[in-house]
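Notes follow the structure.
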Amino acid sequence: MLSLLYQEGPSTEGIFRRSGSAKTCKELKEKLDSGAEVDLACESIFVTASLFKDFLRNIPGSILSSQLCDKWVSVMDQGNNEEKIKSIQRLIEQLPRANVVLLRYIFGVLHGIEMRSEENQMNAFNLAICIAPSLLWPPTSSSPDIESEFTKKISSLVQFLTENCCRIFGDEITSLFGEI
């Protein structure tokens, strides 16, 4: 999925913003869940993007860990960018290794898409609005006002992560997918 998003996402206007066919997504999700072979290259890239966001939303406790939710939310309240980056790196060190590996690939994809935002209309802000709710959510439900404020803060964090991914994860993030 990520490889396909890395290849096609940068040249696709509105990637992660537009939804794939709900029926197709449901059918493919059932096939994937059953372990059946699925050739996503034959599907719309919007279906792949929708399936990927669904996959992220189904990670127990979220990929950024709902247990660290308050710490993630407070990162953007810190001083300068260097302090924010150091805080983010400390939080990343507290995540399970599998989460960190997946995050590196996710932000590798987002970085590639952002680099061609003139073409695809998906700058770091737009990407964050679309993907942030799939990366972190609070451990308990709350009022709509509190959830709205939370979503804004997490979107701001994901935008910062996207814009600074090379400094946070290392420059090799741009070559994780090799020469595709």
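Not measured: the values here are computed from a predicted model.
- Judged by distance alone, with hydrogens and angles left aside, the side-chain atoms of Thr162 form a donor-acceptor pair with the main-chain N or O of Val158 at under 3.5 Å.
- Of the candidates Glu163, Glu114, Gln159, Leu127 forms a side chain to side chain contact (heavy atoms under 4.5 Å, CB included) with just one, namely Glu114.
- Through ILVMFWY side-chain contacts below 4.5 Å, Trp137 is grouped with nothing and stands alone.
- Taking both residues in full, the closest heavy atoms of Val75 and Ser87 are given as CG2-CB, 4.2 Å, listed atom of the first, atom of the second, then distance.
- Contact record, Lys71 with Ser74: O-OG, 3.0 Å, taken as the closest heavy-atom pair.
- The nearest pair of heavy atoms linking Leu136 to Ser62 is CD1-OG, 3.3 Å.
- Thr12 places no side-chain N or O within donor-acceptor distance of the main-chain N or O of Ile15, the cut-off being under 3.5 Å.
- Residues Leu161 and Leu110 are not in side-chain contact: their nearest non-hydrogen atoms beyond the backbone lie 4.5 Å or more apart.
- Here CG of Asn164 is found 9.0 Å from NZ of Lys84. Values are rounded to the nearest 0.5 Å.
- Taking the ring pair (Phe, Tyr, Trp, His ring centres under 6.0 Å) definition, one finds that Phe150 meets it with nothing, sequence neighbours left out.
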*Leu102 vs Leu2, side chain to side chain contact (heavy atoms under 4.5 Å, CB included): CA-CA, chis, key distance, verdict*: CA-CA 9 Å; Leu102 182 54; Leu2 280 170; 3.7 Å; yes

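- Under a 3.5 Å cut-off, the side chain of Asn120 and the backbone N or O of Ile113 do form a donor-acceptor pair.
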_Using the rule given for side chain to side chain contact (heavy atoms under 4.5 Å, CB included), can you reason through Lys29 versus Asn58, listing the C-alpha separation, both sets of side-chain angles and the distance that settles it, and then say yes or no?_
CA-CA 12 Å; Lys29 183 176 191 279; Asn58 283 292; 4.3 Å; yes

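- Between Ile129 and Phe125 there is a side-chain heavy-atom pair separated by less than 4.5 Å.
- Within a 6.0 Å radius of CG in Asp70, other residues, nucleotides and ligands contribute 12 heavy atoms or fewer.
- Between Glu119 and Pro10, every side-chain heavy-atom pair lies at or beyond the 4.5 Å cut-off.
- Going from atom CE of Met1 over to atom CD1 of Ile45 covers 10.5 Å, rounded to the nearest 0.5 Å.
- Look at Glu27 and Lys31 and you find no salt bridge, because none of the NZ, NE, NH1 or NH2 atoms lies under 4.0 Å from a carboxylate O.
- The CD1 atom of Ile85 sits 9.0 Å away from the CG atom of Asn80 when rounded to the nearest 0.5 Å.
- Using a 4.5 Å cut-off on side-chain heavy atoms (C-beta onward), Cys166 and His111 make contact.
- The two atoms that bring Gln121 and Asn126 nearest to each other are O-ND2, 3.0 Å, heavy atoms only.
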*Under the side chain to side chain contact (heavy atoms under 4.5 Å, CB included) rule, what do Leu103 and Leu64 come out as? Steps first, then yes or no, please.*
CA-CA 9 Å; Leu103 279 171; Leu64 291 175; 3.6 Å; yes

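- Taking CG of Leu4 as the reference point, atom CZ of Phe52 lies at 12.0 Å (rounded to 0.5 Å).
- Counting heavy atoms of neighbouring residues, nucleotides and ligands inside a 6.0 Å radius, atom CD of Glu83 exceeds 12 of them.
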*asked:* Between Ile106 and Leu56, does the side chain to side chain contact (heavy atoms under 4.5 Å, CB included) criterion hold? Intermediate values first, please.
replied: CA-CA 10 Å; Ile106 291 168; Leu56 291 172; 3.7 Å; yes

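- Distance CG/Leu28 to CG/Leu40: 6.5 Å, rounded to 0.5 Å.
- Across Arg17 and Cys130, no two heavy atoms sit closer than the pair CA-SG, 3.7 Å.
- A 4.5 Å side-chain heavy-atom check between Tyr105 and Val109 finds every atom pair outside the cut-off.
- Other residues, nucleotides and ligands place no more than 12 heavy atoms under 6.0 Å from the CD atom of Glu118.
- If you chain together hydrophobic residues whose side chains sit under 4.5 Å apart, Ile173 and Met115 never meet in one group.
- When every heavy atom of Leu68 is checked against every heavy atom of Leu91, the shortest pair comes out as CD1-O, 4.1 Å.
- Within a 6.0 Å radius of CZ in Arg18, other residues, nucleotides and ligands contribute 12 heavy atoms or fewer.
- The main-chain N or O of Met76 is never found under 3.5 Å from a side-chain atom of Lys153 such that the two would form a donor-acceptor pair.
- Taking the centre and axis of the six-membered ring of Phe169, the NZ or CZ atom of Arg104 falls outside the cone set by 45° and 6.0 Å.
- Counting heavy atoms from C-beta outward, Ile88 and Phe160 have side chains that approach closer than 4.5 Å.
- With rounding to the nearest 0.5 Å, the separation of CD in Glu30 from SG in Cys25 is 11.5 Å.
- Ser50 contributes a side-chain N or O that, together with a main-chain N or O of Gly20, makes up a donor-acceptor pair within less than 3.5 Å.
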